[in-house]
Amino acid sequence: SRGLGDVYKRQISIQEMKKILILLSGNILYDARVSKEIASLRKFGYSVVLVQTHKLGENKINDYPVYVINKQSSDNMNFTKIWEIVKFSNELNKIIKKENPDYIHCNDVGTLVYALRFVKTKKVVYDSHELAIECVIGIKNKIIKYIEYYMVPYLHAIIIPQIDRLRYFSFRYPKAKGKLYLLENFPTKFVTRTDDLFETELKIKRGNRKLVLYTGALNNERKVKELIGAIKDINELLLVLIGFSSDSYRKELEDMINQNKLEERVYILNPLPHQMIKKLAVSADIGVCFYDDPNLNSYFCASNKLYELMDSGTLVLTNDTVGAMRVVRAENGVVIPDTSVESIVTGFHKLVKLDNPPKMQFFWESQEEVLRHIYR
C-alpha cells in the first residue's frame, strides 16, 4: 500500500507542475465560463497563467499571474487590423517563452488564430464558446473555416458547451472526432438568498410588481425594444435591463422609455460583474433569455443565464430553440414561438400566474472533471 501511495503522490506532483496558459479576448471579470474553468483547474492542482485583452480594474487582485495585451477591436480587415494582429502575436510569443506553459487554452476563434504560430510545438486546447462560422458571413466566414479546418488535426482537445453544437462540429470537421469534449455552461453551486438585492443594492423598489430581469448585450438582436414594448402593456411587471450597449442604442431605449412614461417601470443599468449578476438572478421573479439570431449558433444556444435562472428557482421566458427546448419545462417557464411583442406579452401573462418553480440542479461541479481528463 505504501508503494501505491508513493505512486499517487508522484502523480499529483506531476500534475501540480503542469502549467496552463489561458488566452482570453475580453475581461475575466465578465466571463463566467473562463472564470469557472480557471477555478477548477487550480482546484485540481494545475498552475494557471491568464493573458487577456482588457485591464482587470484597479481594485481587482488575482492570486495567479495575469498579463494584459491591449487589442483594438475592429470588424474591418485592413492594414491597421493586420498590424494589430502581428503586434499582439509578438507580445503573446514573449509571454509564452517566459512562462513556458505545458498547454495553451484558447477561448474562441479570435484567440485560436494566434495559435497558428505554435500549434505544432505546444499542446493547444480550443474552447469554442460559439459556433464561430455560424456567426459571421463573407470573407470572415471563409477565414474562420480555414483556421478551424487547418488547426483541428493539430489540436490536443476541443471543448464545446452544448451537445448539438458538438455534433455539428464533429460533422463539419471529421478529424475532430476523438478530441471533442462537452463542457456545458452550468453555474457553480450557490446559496440562494431571500433578501431583495434589487432594493438593497440597486435601490430599485418593485412594490407589488413582479420583477423581470434581462442581462447581456443590449441591441436589436436580443429584442430589447420588443421587451420594453411588452412591459408597457402589463402593469404588473417591472423590467431591469443590465448590459453593454452603444451610446446611440441606449439613447433610443431611453427615448422609448420616456415617450411611454415607463421611467418607474423600466431601468437600464451598466454591466455588472458576473458574481453580482448571479445573485440578482435569485432575486428576480422572471428572467428573459432570447436567442433569435438567424443562425445555428443561436438555435443551438448554450446559455449560462438560462441555467442560472432555473437553478435559482426563477421563472424563464425564452423563445423556441433547440437549446432552450432541451431544458425548459412547463413548471420552469414559458417558451414562446417567436419574439414579437404579441408573443412576449402572451408569455408574460402566462408567467405572472405561475409561482414557486422548482430549483434545478444544473451545476458546474457535476461536470468539471472533464477538464482534469483533458489535461491529465
Side-chain angles (χ1 to χ4, degrees), residues 20 22-25 31-38 40-41 44 103-113 115 119 123-136 141 143-188 289 291-308 310-311 318-328 335 360-376:
I20 302 166
I22 308 285
L23 186 54
L24 171 63
S25 180
D31 199 307
R33 181 178 178 85
V34 179
S35 297
K36 288 179 287 190
E37 288 176 329
I38 289 175
S40 294
L41 290 169
F44 295 149
Y103 298 90
I104 297 175
H105 184 121
C106 295
N107 291 285
D108 275 325
V109 75
T111 62
L112 183 68
V113 62
V119 70
K123 291 181 179 179
V124 176
V125 172
Y126 178 28
D127 195 344
S128 181
H129 300 191
E130 315 290 346
L131 290 176
I133 61 173
E134 286 291 327
C135 299
V136 294
N141 179 277
I143 291 172
I144 290 171
K145 280 182 182 177
Y146 172 77
I147 292 170
E148 291 187 332
Y149 180 82
Y150 174 79
M151 296 283 279
V152 159
Y154 301 105
L155 294 173
H156 173 71
I158 302 162
I159 304 173
I160 309 286
Q162 200 269 347
I163 187 61
D164 300 292
R165 291 187 186 182
L166 186 147
R167 290 167 179 158
Y168 170 99
F169 202 98
S170 178
F171 174 78
R172 180 167 285 280
Y173 305 114
K175 292 183 179 179
K177 292 177 182 177
K179 300 182 179 186
L180 290 164
Y181 295 85
L182 179 66
L183 188 62
E184 302 202 60
N185 282 327
F186 295 165
T188 54
C289 296
Y291 292 89
D292 204 29
D293 298 331
N295 58 58
L296 288 178
N297 187 67
S298 286
Y299 192 58
F300 299 145
C301 61
S303 174
N304 62 304
K305 290 185 290 186
L306 197 63
Y307 294 122
E308 287 171 0
M310 290 195 294
D311 286 353
T318 188
N319 59 305
D320 187 2
T321 64
V322 167
M325 290 296 289
R326 279 189 179 277
V327 294
V328 177
V335 179
M360 305 305 286
Q361 299 291 315
F362 297 110
F363 289 126
W364 178 265
E365 288 81 356
S366 67
Q367 56 165 12
E368 64 180 342
E369 284 289 334
V370 169
L371 287 169
R372 195 203 295 268
H373 183 72
I374 291 171
Y375 290 109
R376 65 191 184 283

Engineer: Taking atom types as modelled and ignoring hydrogens, do the side chains of Glu134 and Tyr168 form a donor-acceptor contact shorter than 3.5 angstrom?
Structural biologist: yes

Engineer: What's the shortest heavy-atom distance between Lys175 and Pro153, and which atoms?
Structural biologist: CD-CG, 3.8 Å

Engineer: Rounded to the nearest 0.5 Å, what separates atom CG in Asn185 from atom SG in Cys301?
Structural biologist: 10.5 Å

Engineer: Tell me, do Phe186 and Ser366 make a side-chain contact under 4.5 Å, heavy atoms counted?
Structural biologist: yes

Engineer: Could you tell me which non-hydrogen atom of Pro161 sits nearest to which non-hydrogen atom of Leu182, and how far apart they are?
Structural biologist: C-CD1, 3.9 Å

Engineer: Once you measure the plane-to-plane angle for Tyr154 and Tyr150, does it fall in the parallel (<30°), tilted (30-60°) or perpendicular (>60°) bin?
Structural biologist: tilted

Engineer: Taking the side chain as C-beta and beyond, is there a heavy-atom pair between Glu130 and Arg165 under 4.5 Å?
Structural biologist: yes

Engineer: Would you check if Leu183 and Glu37 make a side-chain contact, meaning some heavy-atom pair closer than 4.5 Å?
Structural biologist: yes

Engineer: Please evaluate residues Glu184 and Ile163 with respect to the criterion side-chain contact (heavy atoms from CB on, under 4.5 Å), reporting the C-alpha separation (whole Å), side-chain torsions for both, the decisive distance (0.1 Å), and the verdict.
Structural biologist: CA-CA 8 Å; Glu184 302 202 60; Ile163 187 61; 5.9 Å; no

Engineer: Flag the pair Leu155 / Val125 as yes when at least one side-chain heavy-atom distance between them is below 4.5 Å, and no otherwise.
Structural biologist: no

Engineer: Ignoring hydrogens, what is the shortest heavy-atom contact between Gln162 and Ala302? Give both atom names and the distance.
Structural biologist: CB-CB, 3.7 Å

Engineer: Might you point out which heavy atoms bring Leu306 and Ala324 nearest each other, and give the distance in Å?
Structural biologist: CD2-CA, 4.1 Å

Engineer: Measure the acute angle between the ring planes of Phe362 and Tyr307, then classify it against the limits of 30° and 60° as parallel, tilted or perpendicular.
Structural biologist: tilted

Engineer: Do Arg172 and Ile133 have side chains that get closer than 4.5 Å, going by heavy atoms?
Structural biologist: yes

Engineer: Can you tell me how far apart CE (Met325) and CG (Asp320) are? Round to the nearest 0.5 Å.
Structural biologist: 5.5 Å

Engineer: Can you tell me how far CZ of Phe169 sits from CD1 of Ile160, rounded to the nearest 0.5 angstrom?
Structural biologist: 5.0 Å

Engineer: CZ of Arg167 to CG of Leu180: how many Å apart, nearest 0.5 Å?
Structural biologist: 12.0 Å

Engineer: Could you pull out the closest heavy-atom pair between Val152 and Lys179, with the gap in Å?
Structural biologist: O-NZ, 2.9 Å

Engineer: Ignoring hydrogens and angles, state whether a donor on the side chain of Tyr291 or Thr318 is under 3.5 Å from an acceptor on the partner side chain.
Structural biologist: no

Engineer: Sub-3.5 Å donor-acceptor pair from the side chain of Asn295 to the main-chain atoms of Asn297, do we have one?
Structural biologist: yes

Engineer: Distance from Lys177 atom NZ to Ser170 atom OG, nearest 0.5 Å?
Structural biologist: 4.5 Å

Engineer: Is the shortest side-chain heavy-atom distance between Asn107 and Leu23 below 4.5 Å?
Structural biologist: no

Engineer: Between Glu369 and Arg372, does any NZ, NE, NH1 or NH2 come within less than 4.0 Å of an OD or OE carboxylate oxygen?
Structural biologist: yes

Engineer: With no hydrogens and no angle check, do the side chains of His105 and Tyr126 hold a donor and an acceptor under 3.5 Å apart?
Structural biologist: no

Engineer: For Phe300 and Leu131: C-alpha separation, side-chain torsions, deciding distance, then whether side-chain contact (heavy atoms from CB on, under 4.5 Å) applies.
Structural biologist: CA-CA 9 Å; Phe300 299 145; Leu131 290 176; 4.2 Å; yes

Engineer: What I'd like to find out is whether the side chain of Tyr375 reaches to under 4.5 Å of the side chain of Ile20, using heavy atoms alone.
Structural biologist: yes

Engineer: Looking at CG of Leu112 and CG of Asp108, how far apart are the two atoms once the value is rounded to the nearest 0.5 Å?
Structural biologist: 9.5 Å

Engineer: Do the non-hydrogen side-chain atoms of Arg33 and Asn304 ever get within less than 4.5 Å of each other?
Structural biologist: no

Engineer: Keeping His156 on the side-chain end and Ile374 on the backbone end, is there a donor-acceptor pair under 3.5 Å?
Structural biologist: yes

Engineer: Can you give me the closest heavy-atom contact between Ile22 and Leu41, atom names plus distance?
Structural biologist: CD1-CD1, 4.1 Å

